[in-house]
Amino acid sequence: MKQKAIPVTIPDGCFTESERHGLYRAIYERRDVRSQFLPDPVPADVLVRLLQAAHHAPSVGFMQPWDFIVIESREVRASILALFEQANQTAAERFDGERKGLYRSLKLQGIVESPLNLCITCDRSRGGPHVLGRNSIVETDLFSTCLAVQNLWLAARAEGIGVGWVSILEQAQLSKVLNLPDHVYPVAYLCLGYVSEFLDQPELEAKGWRSRLPLSELVHGNHWGEALINEPLETALNEQPISGKNA
């Protein structure tokens, strides 16, 4: 006799299978975009959705330390590009031989090519001198702002919008160009826009700069450097593909 299928009850709050797939797809297909930007503008309603996603990031003590500077001015972007070129020249000198040549061949920004730039800042005074949960680790305001960056990045991927983080900038000079107050720190300078494609691999991996590390080598048990005692977890880690694209 054929057994009846046992209905599976999804606990309250769980996503459906298709919703989970969409979330993991955004995570695994997110890319740091430098070269594939299209000139099409980002519609205002789409940009608001991205900013709302960023604004709903978790923050220690609910301090919400972020602000968002939307940069459309060609003049401002030209100034930022000049800062990048100066910092990039300095960075290139840190490498030798083939590594230096490879570094110089990499395109590491889309400041002018992207239709929109966005600087996400951290107001280090927000919430006052005593923020709940911040007494021991004062950098939690910076950590919280990074979570806002990640929220925006994943939402952008779901919208078909590429994001590139321009990290090769001298922060004091960037602050000066953007007229930031002394208590506001520029955490992330981002390039945003629709793209011609999302690469199958991160660009630095595809061009041989670095490869993704196996997750199984990065998980420790109870103390640093100790093996896992959870055998099913260890087995699952070793069976999981590096790309994670089957999730």
### Query
Just wondering, do L178 and C119 contact through their side chains at under 4.5 Å, heavy atoms?
yes
### Task
Kindly indicate whether the side chain of L204, heavy atoms from C-beta on, has any atom under 4.5 Å from the side chain of R210.
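The answer is no, as the side chains (C-beta and beyond) never meet within the 4.5 Å cut-off.
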#### Entry: E113 CD to L81 CG distance, which is reported to the nearest 0.5 Å
8.0 Å
### Separation of L169 CG from L83 CG (nearest 0.5 Å)
6.5 Å
### Message
According to salt bridge (charged side-chain N to carboxylate O under 4.0 Å, His left out), does anything in residues 58-71 pair up with another residue at least two apart or in another chain? List the pairs.
### Response
D67-R126
### Message
Suppose the criterion is salt bridge (charged side-chain N to carboxylate O under 4.0 Å, His left out): which pairs have a residue in residues 82-99, not counting sequence neighbours?
### Response
E93-K100, E93-R104
### For V131 against G128, the heavy-atom pair lying closest together
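Taking V131 first and G128 second, the nearest heavy atoms are CG2-O, 3.7 Å.
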### Message
Testing the basics here: between V112 and R74, what is the closest heavy-atom pair and its distance to 0.1 Å?
### Response
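Taking every non-hydrogen atom into account, O-NH1, 3.0 Å.
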### Message
Holding to side-chain contact (heavy atoms from CB on, under 4.5 Å), I want the full list of residues that pass it with V70, two or more places apart in sequence or in another chain.
### Response
L47, E72, L116, L118
#### Entry: side-chain contact (heavy atoms from CB on, under 4.5 Å) involving S216 - partner list, sequence neighbours excluded
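Expected list: P214, L237, N238.
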### Query
Is it true that a side-chain atom of E197 and a backbone atom of L199 form a donor plus acceptor pair closer than 3.5 Å?
no
Can I get a per-line list of side-chain donor-acceptor pairs under 3.5 Å for residues 136-164, giving both atom names and the distance, sequence neighbours left out?
residue, atom, partner, partner atom, Å
T140, OG1, I137, O, 3.0
D141, OD1, R124, NH2, 2.9
D141, OD2, R124, NE, 2.7
D141, OD2, R124, NH2, 3.4
D141, OD2, R134, NH2, 2.9
S144, OG, V60, N, 3.1
S144, OG, T140, O, 2.7
T145, OG1, D141, O, 2.9
N151, ND2, A53, O, 2.9
W153, NE1, R31, O, 3.2
R157, NE, E29, O, 3.2
R157, NH2, E29, OE1, 2.7
E159, OE1, R49, NH2, 3.2
E159, OE2, R49, NE, 2.7
E159, OE2, R49, NH2, 3.3

### Contacts of type salt bridge (Lys or Arg N to Asp or Glu O under 4.0 Å), residue R34, not counting sequence neighbours
D32
### For K176, all residues meeting salt bridge (Lys or Arg N to Asp or Glu O under 4.0 Å), sequence neighbours excluded
none
Which donor-acceptor pairs under 3.5 Å do side chains of residues 179-196 form with protein atoms, sequence neighbours excluded?
residue, atom, partner, partner atom, Å
Y189, OH, N117, OD1, 2.7

### Summary
ring-ring contact (aromatic ring centres under 6.0 Å, His included) filter on H220, not counting sequence neighbours, yields W224
### Query
If you draw a 6.0 Å radius around CG in L132, do more than 12 non-hydrogen atoms from other residues or ligands fall strictly inside?
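Atom CG in L132 is not crowded, with 12 or fewer foreign heavy atoms closer than 6.0 Å.
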### F198 atom CZ, neighbour heavy-atom count above 12 within 6.0 Å
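Counting other residues, nucleotides and ligands, CZ of F198 exceeds 12 neighbours.
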### Task
Please list all pairs passing the side chain to side chain donor-acceptor pair (under 3.5 Å) test where one or both residues lie in residues 52-65, with sequence neighbours left out.
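Side chain to side chain donor-acceptor pair (under 3.5 Å) check on residues 52-65 returns H55-W66.
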### Summary
By side chain to side chain donor-acceptor pair (under 3.5 Å), S125 pairs with (sequence neighbours left out) D123
### Within residues 77-100 or reaching into it, pairs that qualify as ring-ring contact (aromatic ring centres under 6.0 Å, His included) - sequence neighbours excluded
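The answer is F95-Y103, F95-W209.
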